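Written below as C-alpha cells is the structure these notes are about.
All ligand and atom numbering here is 1-based and tracks the order in the structure. None of the values given here were measured: they were computed from a predicted structure. The figures that follow rest on heavy atoms only: side chains count, while hydrogens, waters and symmetry mates do not.
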Amino acid sequence: MKIRVLTIFPGLLNSFWETGMIRRALEQEKISASAIDIREYAEGRHRVTDDRPYGGGSGMVMKPEPLAGAIRAAKKDSPEARTVLLSPQGRVFRQAVAREMSSLEALILVCGRYEGVDERISRELIDDEISIGDYVLTGGEVPAMVVIDAVARLLPGVLGNDDSAETDSFSGHLLEHGHYTRPREFEGESVPEVLLSGDHQAIESWRREAALMRTFLRRPDLLANRPLDSETLEILKNWCRDIEAIIRAQPLRGADTLPGAEPER
Ligand code: 9D3
C-alpha cells in the first residue's frame, strides 16, 4: 500500500516512520509511505498556507491553492489513491473503517490545521472525511498516524504473526482478559492459579469469562445490540443465577437495618 500524508508539519511524522511496526513495514516494502510538505506548493516568498475567514471570525483557514497543488501532485503520482481528509466533521474511524481501508492500493491523507480547510477543497478533491473521535485536537497529523497504524497492521505480512491481527480483541467485539507474565508474585500480588495449572481448557474458559466480565463492567456498549454466541449467553445466565442467589439470601430489610449494623453516615 502506498501512503502519502499531506501536511504543513511533515517533521511530526519522523519518529513514526522510524519506529516499530511501521519502520519494519517500510523496510520490507509492505508499505511505501512519506509525508509531503503542503508549503512546497504555496506561492510567494513566504509560502503562506493560511488566510482569514470570509465573513470574519477568529482563527485561520487553510488556503485552497497550496492544498489543491499538493493533492493533485499526489494524485498524479498515485492515480488510484483514495483521498481522505482528516477532520472533526468526518465519519468516525472504527475497526471496520480500518479494515475497509486496508484493501486500498493507495491512500492520500490530508491533514488540516487551524480552523479547517477551505470548503471547496473538501467538495472537489476529497473522497472521504474521517474523524478519530469526539475530542478537540490541533490538526490532522496525529489522526493520520492513528489511521496508518490501524490500517498497516492489517496488511498481510506486516505483523510478525500473520493472523494475530484477526484474533485481536476488537475482532471478537470484546475487551481482552488481563495478561500476566513472570514473576509469579509481584509486590504481593499473585498470578491467577488457573493460568499456572497447565489445564488448557480451564485456562480458555477463565479467559473467556474474564474478557466478558471486563467488557460488561467497562464497555457494556460493546455487548448491547450484538448477537451473543451460546457460550457467552451461558456465562451471562450463570452470573444472573449467582446474583439472584445473593439477592434472595438478603433479609427483607437489608443487613444495614439488622442489630449490630454500623450506623449510616
Ligand atoms: C477549537 C476549534 N474548533 C471550533 C469549535 C473547531 C476545530 C477545528 C480544527 C477543532 C479541531 C480542529 C483540528 N482537528 C483536526 O484537524 C482533526 C480532528 C480532531 O480535532 N478530533 C478528532 N479527529 C480529528 S481528525 C482531524
Side-chain angles (χ1 to χ4, degrees), residues 1-17 19 21-22 31 33-42 47-75 78 81-104 106-155 170 218-219 221-222:
M1 174 183 274
K2 189 160 158 182
I3 301 167
R4 296 291 175 262
V5 180
L6 312 189
T7 167
I8 60 168
F9 295 127
L12 262 180
L13 290 98
N14 286 349
S15 61
F16 184 61
W17 305 135
T19 310
M21 172 199 70
I22 299 294
I31 62 170
S34 61
I36 293 165
D37 191 348
I38 292 166
R39 198 174 289 278
E40 288 180 11
Y41 296 86
R47 300 194 174 273
V48 174
T49 58
D50 62 331
D51 203 347
R52 293 149 59 202
Y54 274 123
S58 62
M60 300 292 270
V61 176
M62 287 185 86
K63 288 170 68 60
E65 305 94 320
L67 265 173
I71 294 170
R72 290 203 171 102
K75 282 189 176 188
S78 28
R82 183 185 294 182
T83 305
V84 178
L85 176 67
L86 286 314
S87 111
Q89 280 78 42
R91 64 181 171 129
V92 177
F93 190 65
R94 304 183 178 293
Q95 190 64 19
V97 181
R99 230 174 272 133
E100 172 197 321
M101 286 182 167
S102 69
S103 64
L104 298 171
L107 198 52
I108 298 169
L109 297 171
V110 182
C111 306
R113 278 268 153 179
Y114 320 117
E115 283 306 294
V117 310
D118 188 287
E119 189 65 19
R120 292 161 294 185
I121 288 294
S122 19
R123 293 262 175 95
E124 296 303 317
L125 292 168
I126 300 297
D127 303 318
D128 199 359
E129 207 165 317
I130 297 283
S131 159
I132 60 162
D134 295 338
Y135 33 81
V136 182
L137 303 173
T138 56
E141 286 80 6
V142 169
M145 290 187 264
V146 167
V147 168
I148 295 167
D149 199 86
V151 171
R153 65 181 289 288
L154 296 176
L155 300 176
F170 256 92
R218 298 188 189 181
R219 294 292 307 278
D221 58 297
L222 296 180

Next on the checklist: Restricting to salt bridge (charged side-chain N to carboxylate O under 4.0 Å, His left out), what partner residues turn up for R218, sequence neighbours left out?
Outcome noted: none
Taking distance alone, with N or O pairs closer than 3.5 Å, would you say [X] contacts ligand 1?
X	answer
I132	yes
Y135	yes
P88	no

Checklist entry - Given M62, E115, Q89, R113, which has its nearest heavy atom closest to atom 3 (N) of ligand 1? => result E115
Checklist entry - If you measure from each non-hydrogen atom of S131 to ligand 1, which part falls under 4.0 Å: side chain, backbone, both or neither? => result both
Show me the donor-acceptor pairs within less than 3.5 Å that the side chains of residues 83-90 make with the rest of the protein, sequence neighbours left out.
residue	atom	partner	partner atom	Å
S87	OG	Q89	N	2.9
S87	OG	Q89	OE1	3.4
S87	OG	E129	OE2	2.7

For ligand 1, is [X] a contact, meaning one of its heavy atoms is under 4.0 Å away?
X	value
G133	yes
Y114	yes
I130	yes

Checklist entry - Which residue and non-hydrogen atom of the protein lie closest to atom 10 (C) of ligand 1, and at what distance in Å? => result V136 CG1, 3.7 Å
Checklist outcome for this item: Rounding to 0.5 Å, atoms CD1 (I148) and CZ (R153) come to a distance of 15.0 Å
Checklist entry - Can you check whether a protein heavy atom sits less than 4.0 angstrom from atom 5 (C) of ligand 1? => result no
Checklist entry - Hey, does I8 have a side-chain heavy atom less than 4.5 Å from the side chain of M62? => result yes
